[in-house]
Amino acid sequence: MIFDKMERLPLYKGLNANLDRLIDYVLACDYDKLAPGRNEVDGDNCWLNNNVAQLKPATALFEHHAAYVDLQIPIDEGEIITIRPVEDLEWRPFVGDDSLAEGPAGMRLDMVPGTFAIFFPGDAHNCGISKAGQTQARKLVGKARL
């Protein structure tokens, strides 16, 4: 898991060719001109979702992935994402690339504009937590196949 400021996103190139393409796309695009939903970068190797996430005061649902990296970028007010070691939770069987588990909140990441988080397969993350009573937040979620 990586949590950092957007100005340092280019420093994380070189970890994986698909992630490199996704990072290049994110750095070159105008967020306000992205189509809602999936924006193609390289087919099923990498893409960028432009979403409005529905937020809740608290959620106990964690996810992790089998083969894809998540690159999460808040656009407006942001959200809270909590993280836990994947071994702390009892996981449901994978459906596609996703596995889910319920559990107590972990370490909090305050996702504000100008930050990003990268979650690798096996990084348990719990998204969609409201930090100031807001019910939704615009965010970008990139996917890159490892």
Side-chain angles (χ1 to χ4, degrees), residues 1-13 15-84 86 89 91-103 105-146:
M1 198 265 337
I2 297 169
F3 177 66
D4 207 342
K5 294 202 169 262
M6 284 298 294
E7 63 209 38
R8 289 190 285 271
L9 182 59
L11 299 176
Y12 297 98
K13 288 182 64 177
L15 297 173
N16 171 273
N18 291 324
L19 182 57
D20 289 353
R21 278 191 287 284
L22 179 60
I23 289 171
D24 286 341
Y25 183 84
V26 164
L27 294 173
C29 77
D30 180 344
Y31 301 158
D32 291 327
K33 293 184 180 174
L34 285 173
R38 184 172 167 148
N39 290 264
E40 295 294 332
V41 178
D42 183 15
D44 286 337
N45 290 318
C46 56
W47 66 91
L48 184 65
N49 290 317
N50 178 15
N51 299 324
V52 175
Q54 300 306 308
L55 306 180
K56 300 176 183 167
T59 177
L61 194 60
F62 285 84
E63 64 180 68
H64 80 107
H65 308 290
Y68 283 87
V69 172
D70 273 5
L71 169 60
Q72 303 225 4
I73 303 169
I75 301 300
D76 52 21
E77 295 179 45
E79 66 183 315
I80 297 293
I81 296 177
T82 67
I83 57 173
R84 296 190 66 78
V86 70
L89 302 164
W91 295 93
R92 299 175 193 159
F94 277 95
V95 175
D97 190 56
D98 302 324
S99 179
L100 303 174
E102 292 185 22
M107 177 188 279
R108 293 169 53 103
L109 301 178
D110 187 3
M111 301 295 295
V112 297
T115 64
F116 71 91
I118 298 175
F119 300 103
F120 293 93
D123 288 340
H125 52 290
N126 174 357
C127 303
I129 302 170
S130 173
K131 61 182 182 173
Q134 81 270 33
T135 58
Q136 60 184 23
R138 183 171 167 227
K139 66 189 280 188
L140 305 178
V141 179
K143 296 283 195 174
R145 183 191 304 268
L146 284 185

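Side chains of Asp20 and Tyr12: a donor-acceptor N/O pair is absent below 3.5 angstrom, by distance only. A side-chain donor-acceptor contact under 3.5 Å links Arg138 and Asn50.
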Begin from the C-alpha positions of Ile81 and Phe119 and carry the test side chain to side chain contact (heavy atoms under 4.5 Å, CB included) through to its verdict. CA-CA 11 Å; Ile81 296 177; Phe119 300 103; 3.8 Å; yes

Given side chain to side chain contact (heavy atoms under 4.5 Å, CB included), test Phe62 with Leu100 step by step and report yes or no. CA-CA 6 Å; Phe62 285 84; Leu100 303 174; over 6 Å; no

Where do Phe120 and His125 land on the ring-ring contact (aromatic ring centres under 6.0 Å, His included) test, with the steps shown first? CA-CA 10 Å; Phe120 293 93; His125 52 290; over 10 Å; no

Let me see the working for Asp42 and Tyr25 under side chain to side chain contact (heavy atoms under 4.5 Å, CB included), right down to the final yes or no. CA-CA 10 Å; Asp42 183 15; Tyr25 183 84; over 6 Å; no

Start with the C-alpha distance between Ile129 and Leu55, add both sets of side-chain angles, then the distance that settles side chain to side chain contact (heavy atoms under 4.5 Å, CB included), and finish with yes or no. CA-CA 5 Å; Ile129 302 170; Leu55 306 180; over 6 Å; no

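By the 4.5 Å heavy-atom criterion applied to side chains, Ile80 and Thr82 are counted as neighbours. Looking only at side-chain heavy atoms (C-beta outward), Lys143 and Asp70 come within less than 4.5 Å of each other. Between Ile83 and Asn126 the shortest side-chain heavy-atom distance does not fall below 4.5 Å. Counting only heavy atoms from C-beta outward, the side chains of Asp4 and Phe116 approach each other to under 4.5 Å. Side-chain contact between Leu34 and Cys29 is present, with at least one heavy-atom pair separated by less than 4.5 Å. Taking the side chain as every heavy atom from C-beta outward, Val26 and Tyr31 approach each other to under 4.5 Å.
We find the CE-CG distance between Met6 and Leu27 to be 6.0 Å, quoted to the nearest 0.5 Å. Atom OG1 of residue Thr115 and atom CG of residue Leu109 lie 8.5 Å apart, to the nearest 0.5 angstrom. Expressed to the nearest 0.5 Å, how far CG of Leu140 lies from CG of Leu48 amounts to 5.0 Å. Atom CH2 in Trp91 sits 5.5 Å away from atom OG in Ser99 (nearest 0.5 Å). Here Lys131 contributes atom NZ and Arg108 contributes atom CZ; the two are 9.5 Å apart, rounded to the nearest 0.5 Å. Atom CD of Gln72 sits about 9.0 Å away from atom CG of Asn51, to the nearest 0.5 Å.
Panel note: side chain Asp98, backbone Phe94; no donor-acceptor pair is recorded below 3.5 Å. Under a 3.5 Å cut-off, the side chain of Asn49 and the backbone N or O of Trp47 do not form any donor-acceptor pair. Gln134 contributes a side-chain N or O that, together with a main-chain N or O of Ala132, makes up a donor-acceptor pair within less than 3.5 Å. Side-chain atoms of Glu77 do not come within 3.5 Å of backbone N or O of Ser130 as any donor-acceptor pair.
The two residues Ala66 and Pro121 make their nearest non-hydrogen contact at O-CB, 3.6 Å. Closest approach of Asn18 to Arg145, counting heavy atoms only: ND2-O, 2.8 Å. Taking each heavy atom of Gly43 and Arg38 in turn, the nearest pair found is O-NH2, 3.0 Å.
Salt bridge absent: Glu63 and Arg92 never bring a charged side-chain N and a carboxylate O closer than 4.0 Å. With respect to the salt-bridge test (charged N to carboxylate O, under 4.0 angstrom), the residues Arg84 and Asp123 do not qualify. Salt bridge annotation for Lys139-Asp76: absent, with no cationic side-chain nitrogen under 4.0 angstrom from a carboxylate oxygen.
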